[in-house]
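Note on naming: letters A, B, ... go to the chains in the order of the sequence lines (proteins, then strands), and numbering restarts at 1 for each one.
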Amino acid sequence: MDITNIIQNGVISAVQSLYGGEVGPEKVNVSITRPDFEGNYTVVVFPFTGIARKKPEVIGAEIGAYLVKEITEVESFNVIKGFLNLVVSEDFWRNFLQEIYQKENFGKHPSSGEKVMVEFSSPNTNKPLHLGHIRNILLGWSTAKIMEAAGHEVIKVQVVNDRGIAICKSMLAWQLFGENATPESTGSKSDHFVGDFYVRFEQAFQEEYREWQKNDEAQKIFKANKKEEQGPDAFFKAFKDTYFNEFSKLGAEARAMLIRWENGEEATLALWRKMNNWVYEGFAQTYEQLGVSFDKNYYESNTYLLGKDMTEIGLEKGVFYRKEDGSIWANLEDVKLDHKTILRSDGTSLYITQDLGTAHLRYKDFGFNRMVYVVADEQNYHFKVLFEVLKKLGEPYAHGLHHLAYGMVDLPTGKMKSREGTVVDADDLMAEVIAEAQENSKERDTTSDLAPEKQQEIIRKIGLAALKFFIIKVNPKKRMTFDPKESVDLKGQTGPYVQNAYVRIKSVLRKGMTPDPELARQYGPLEDLEKELLGQLYEFPGLILTAAEDFDPSVIANFCYALAKNYHRFYHDYSILSADTEAAKHFRIMLSTAIANALKNGMELLGIEMPERM
RNA sequence: GGCUCCGUAGCUUAAUUGGAUAGAGCACCUGACUACGGAUCAGGAGGUUAAAGGUUCGAGUCCUUUCGGAGUCACCA
């Protein structure tokens with residue numbers, strides 16, 4: 001049993017036998033003792049004052065004495081104000097270390113029998129991936145890893161948004177301005193190649209729009225429709241979508257292309273396939289560099305018509321209703337949401353229709369118990385609606401759905417805006433952090449005896465660790481500021497800092513020997529810092545469950561950092577291989593081994609690889 | 001405007017879910033190896049947790065109000 005549970009139960013029976021009262025486990029708060037006080041675990045005694053009718057200090061002393069007497073793991077105690085600090089016996093720590101030091105899968109849990117699907121990334125195919133996708137992908141990937149470590153079977157999927165007006169813009173621009181260029185002929189990365197044509201379309205469109213604004217028709221519309229005090233710039237900015245849909249020649253051509261696509265015209269489909277394949281080739285490189293993969297890709301071109309049959313079922317069940325114009329709606333007022341359109345009056349599907357159908361399809365494909373959507377929090381409302389509708393439809397998985405809503409990524413200069421060219425490209429970003437790691441490595445010259453490819457692999461691991469850790473250490477729910485300058489930092493609270501702790505241990509272990517557990521058992525008394533390190537290790541398996549329940553990888557990042565920090569201190573303050581006694585030496589080798597293991601496993605959950613040297 | 005979320009040191013952030021003197025990192029200043037890797041360690045300075053009230057043994061955390069910011073409120077995705 002877990003030590004905190006042992007203490008908790010001990011306190012419950014202490015209260016009962018000392019004061020004759022019942023307390024529930026929720027009233028017994030067992031936490032880790034803050035480092036500036038003596039002890040390992042702390043019980044807050046304030047909640048018992050009502051039952052005991054004594055001063056907190058007295059209650060603490062009485063319960064403390066009871067625990068020391070009744071529980072072998074509790075060695076001694078002290079009471080400060082209403083806080084009962086318990087010292088756990090050294091044998092408990094020694095036994096714990098024996099148990100885990102060579103457990104390679106330390107922290108991971110046995111199978112839960114649950115199947116969880118995680119959807120993340122889900123890019124559009126008209127543009128390369130950017131910083132926003134990176135946060136999404138890192139969260140999705142690590143959430144999947146954490147779910148696995150918590151014992152669940154995990155299926156990683158993405159929905160590729162490969163159809164629609166956006167890709168048609170890229171296609172049209174390529175037709176108009178491409179002159180049969182290819183990624184090979186221009187030497188550009190193929191998803192960037194396609195993205196450049198999307199930009200090219202926007203430029204041409206803006207140019208056309210500016211010209212149009214000068215003509216009489218445009219001026220007439222401006223004068224007739226402008227709001228008071230509204231200048232031409234503000235008006236035409238707001239009018240842009242209307243212009244695209246009703247006046248623009250380029251807009252009309254792009255929409256015509258979308259219609260040809262929907263009608264299955266072969267020439268259009270061929271162009272569409274060609275450009276999407278370029279994009280996939282580029283995405284594959286980016287995903288590989290990031291170190292992520294998927295078990296299955298869903299393509300919007302296959303799923304965009306799904307969900308219509310579900311509207312029929314919804315109508316039969318009375319979950320949906322049909323308006324006079326033929327559109328289909330869901331009334332969600334009973335769950336404090338609005339009325340929501342499920343199908344257009346012309347019978348075509350909407351985003352929500354597709355998502356209903358896709359959820360259903362995926363359940364048929366995999367039969368999961370739970371499903372996590374990693375999508376930015378700007379879509380909170382959409383997912384609330386989606387989940388409520390699926391519940392009303394009685395889908396069997398509907399109560400296992402979760403929207404991992406993460407905050408958007410800002411730059412120090414403000415929001416990323418593609419129009420203003422402030423979007424940080426994913427490939428560029430990775431190249432930058434790796435280049436920075438390269439620079440630092442040159443100065444250090446610690447791996448120059450290795451083959452160049454090995455050195456390069458280490459540098460890649462370091463650079464990506466910096467980037468990934470920087471993003472993932474922040475609580476997903478929070479909007480975060482991404483400072484490119486800080487993201488390449490290799491010192492302080494960073495990925496490389498954690499890697500360095502691991503590398504130091506590996507270096508020691510290479511010089512050391514296989515430890516003898518019997519000899520290590522004779523070591524004592526343990527240093528406070530050693531107990532603290534063991535206490536941290538002890539928390540690791542539970543933290544994985546917490547991270548899984550809360551869908552929060554930052555918990556693991558913070559754990560890795562805190563453990564690495566304490567280990568760096570330990571490494572600095574105490575000798576390992578030249579410790580005073582053989583027992584201490586063997587004990588510390590075992591402790592270091594266990595810590596290296598935990599760091600490696602923890603960082604793996606974040607998608608961060610550990611180098612053996614750096 | 002309605003609803004939702006957020007506001008912690010100059011900057012980036014944490015706080016065991018209501019617990020002790022609000023922890024870290026960056027930047028700034030001062031120190032530490034002929035020591036197992038200095039991508040390290042120790043120290044200094046930096047805070048009225050946006051503001052005001054309330055709840056209680058105890059509030060960054062819960063409630064109310066105000067201020068500031070973001071998101072959303074489509075037969076878009």
Side-chain angles (χ1 to χ4, degrees), chain A residues 4 29-37 42 44 46-47 49-50 56 80-83 85 124 161 164-166 241 300 323 325-329 336-338 340-346 348-352 354-355 376-382 384 405 407-408 410 412 415 437 440-441 443-444 446 462 466 470 473-475 477-483 485-487 489-501 503-512 539 542-543 546 550 554-555 558 561-562 565 567-579 588-589 592 613-614:
Chain A
T4 56
N29 182 325
V30 182
S31 56
I32 294 166
T33 306
R34 297 173 52 136
D36 34 339
F37 296 95
T42 296
V44 185
F46 288 112
T49 51
I80 298 168
K81 292 198 267 181
F83 298 91
N85 300 319
N124 295 323
N161 299 301
I165 194 71
D241 283 352
E300 199 199 344
K323 281 193 180 176
D325 62 5
S327 58
I328 293 176
W329 292 71
K336 295 196 170 147
L337 297 168
D338 218 339
K340 182 81 191 172
T341 323
I342 304 294
L343 201 68
R344 286 196 186 95
S345 51
D346 64 5
T348 56
S349 52
L350 290 153
Y351 183 41
I352 184 106
Q354 292 176 43
D355 271 1
D377 62 7
E378 61 184 351
Q379 294 197 36
N380 283 353
Y381 182 72
H382 170 76
K384 267 189 197 164
M408 309 267 274
D410 289 320
K415 281 189 72 165
N440 274 269
S441 171
E443 287 167 25
R444 266 171 251 276
T446 47
I462 295 169
F470 185 77
K473 72 179 180 186
V474 181
N475 187 313
K477 280 186 286 207
K478 290 198 166 184
R479 211 177 166 94
M480 71 172 287
T481 309
F482 183 89
D483 188 337
K485 282 203 296 289
E486 283 182 33
S487 71
D489 259 357
L490 310 174
K491 292 180 297 187
Q493 194 177 25
T494 67
Y497 175 96
V498 180
Q499 288 177 323
N500 185 230
V503 165
R504 284 177 131 186
I505 294 172
K506 286 293 162 171
S507 176
V508 170
L509 295 181
R510 275 194 294 273
K511 295 183 174 105
E539 293 298 302
L543 275 181
T546 304
D550 295 349
S554 72
V555 167
N558 290 328
Y561 172 70
K565 184 177 166 62
Y567 188 80
H568 275 308
R569 191 147 66 92
F570 173 72
Y571 183 93
H572 180 270
D573 291 351
Y574 300 96
S575 291
I576 298 165
L577 296 179
S578 39
R588 287 174 184 168
I589 289 174
S592 298
R613 293 175 53 182
M614 67 191 283

Asks: Ring centres within less than 5.5 Å and planes less than 30° apart: is that true of A:Tyr381 and B:rC73 in this structure?
Replies: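 Here the ring of A:Tyr381 and the base of B:rC73 are not stacked, as the 5.5 Å and 30° limits are not both satisfied.
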Asks: Output the single nucleotide from B:rG71, B:rG38, B:rA42 whose closest atom is nearest the side chain of A:Arg569.
Replies: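 Closest nucleotide to the A:Arg569 side chain: B:rA42.
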Asks: Report which part of the nucleic acid A:Lys485 touches: base, sugar-phosphate, or nothing (heavy-atom distance under 4.0 Å, all strands).
Replies: nothing
Asks: Can you tell me, in whole Å, how much space there is between the C1' of B:rU48 and that of B:rC5?
Replies: 25 Å
Asks: Paired with B:rA22: which nucleotide, if any, by Watson-Crick or G-U wobble criteria at under 3.5 Å for both distances?
Replies: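 Across any shown strand, B:rA22 pairs with none.
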Asks: Quick one: CD1 on A:Ile342 to CD1 on A:Ile328, what's the gap to the nearest 0.5 Å?
Replies: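 These two atoms lie 9.0 Å from each other.
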Asks: Could you work out the separation of B:rA22 and B:rG60 based on their C1' atoms and round it to a whole Å?
Replies: 7 Å
Asks: Would B:rU72 be called syn or anti, given that syn covers angles within 90° of 0?
Replies: anti
Asks: Would you tell me if any nitrogen or oxygen in the side chain of A:Thr481 comes within less than 4.0 Å of OP1 or OP2 on B:rU12?
Replies: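 Yes, A:Thr481 has a side-chain N/O under 4.0 Å of OP1/OP2 on B:rU12.
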Asks: Using the C1' atom as the point on both nucleotides, what is the distance between B:rG46 and B:rG25, in whole Å?
Replies: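 Each nucleotide's C1' atom is 14 Å from the other's.
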Asks: Rounding to an integer number of angstrom, what distance separates B:rU65 and B:rA15 when you compare their C1' atoms?
Replies: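 Looking at atom C1' only, B:rU65 and B:rA15 are 27 Å apart.
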Asks: From B:rA77, B:rU12, B:rG71, pick the nucleotide closest to the side chain of A:Leu350?
Replies: B:rA77
Asks: Taking the same atom, P, in B:rU13 and in B:rG58, what whole-Å distance lies between them?
Replies: 33 Å
Asks: Could you check which of B:rA77, B:rG37, B:rU40 has an atom nearest any side-chain atom of A:Gln379?
Replies: B:rA77
Asks: Go ahead and name the base partner of B:rU34; Watson-Crick or wobble counts if both distances stay under 3.5 Å, otherwise write none.
Replies: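 Partner of B:rU34: none found under 3.5 Å.
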Asks: Which base sits across from B:rU8 as a Watson-Crick or G-U pair, both distances under 3.5 Å?
Replies: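 Pairing partner: none.
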Asks: Want to settle it: does A:Asp573 or A:Phe470 sit nearer the 5' end of RNA chain B, counting the closest nucleotide to each?
Replies: A:Phe470
Asks: Please work out if A:Phe570 contacts a base, only the sugar-phosphate, or nothing of the nucleic acid, heavy-atom cut-off 4.0 Å.
Replies: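 Answer is nothing: A:Phe570 stays at 4.0 Å or more from every strand.
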Asks: Describe the nucleic acid contact of A:Leu577 in one word from base, sugar-phosphate, nothing, applying a heavy-atom distance below 4.0 Å.
Replies: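 Result for A:Leu577 = base.
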Asks: If only side-chain N and O atoms of A:Arg510 are considered, is one of them under 4.0 Å from the OP1 or OP2 phosphate oxygen of B:rC36?
Replies: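 Negative; the distance criterion is not met.
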Asks: May I ask you to check whether A:Asp410 and A:Thr481 show a side-chain donor-acceptor distance below 3.5 Å?
Replies: no
Asks: Provide a list of protein-nucleic acid N or O atom pairs under 3.5 angstrom, restricted to nucleotides 27-31 of chain B.
Replies:
none

Asks: OP1 or OP2 of B:rC6 versus the side-chain N and O atoms of A:Arg479: is any pair under 4.0 Å?
Replies: no
Asks: Got a second to check how far A:Asn29's CG is from A:Phe83's CZ, nearest 0.5 Å?
Replies: 9.0 Å
Asks: Is any side-chain heavy atom of A:His568 closer than 4.5 Å to one of A:Asn500?
Replies: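 Side-chain contact under 4.5 Å: yes.
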Asks: Indicate, with a heavy-atom threshold strictly under 4.0 Å, whether A:Glu443 touches base, sugar-phosphate, or nothing.
Replies: nothing
Asks: Is there a Watson-Crick or G-U wobble partner for B:rG1 with both distances under 3.5 Å, and if so, which one is it?
Replies: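 B:rC73 - that is the nucleotide pairing with B:rG1, both distances being under 3.5 Å.
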Asks: Reading nucleotides 14-24 of chain B 5' to 3', which nucleotides get B (base under 4.0 Å from a protein heavy atom), which S (sugar-phosphate only), which -?
Replies: S-BB-BBS-SB
Asks: Looking only at the side chain of A:Ser507 (C-beta and beyond, no hydrogens), which of the listed nucleotides B:rA74, B:rA77, B:rG37 gets closest?
Replies: B:rG37
Asks: Is there a Watson-Crick or G-U wobble partner for B:rU48 with both distances under 3.5 Å, and if so, which one is it?
Replies: none
Asks: Write down the partner of B:rU56 under the Watson-Crick or G-U wobble criteria, each distance required to be under 3.5 Å.
Replies: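 Here B:rU56 is not engaged in any pair, so there is no nucleotide opposite it.
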Asks: Taking only side-chain nitrogens and oxygens of A:Tyr571, does any of them come within less than 4.0 Å of OP1 or OP2 of B:rG37?
Replies: yes
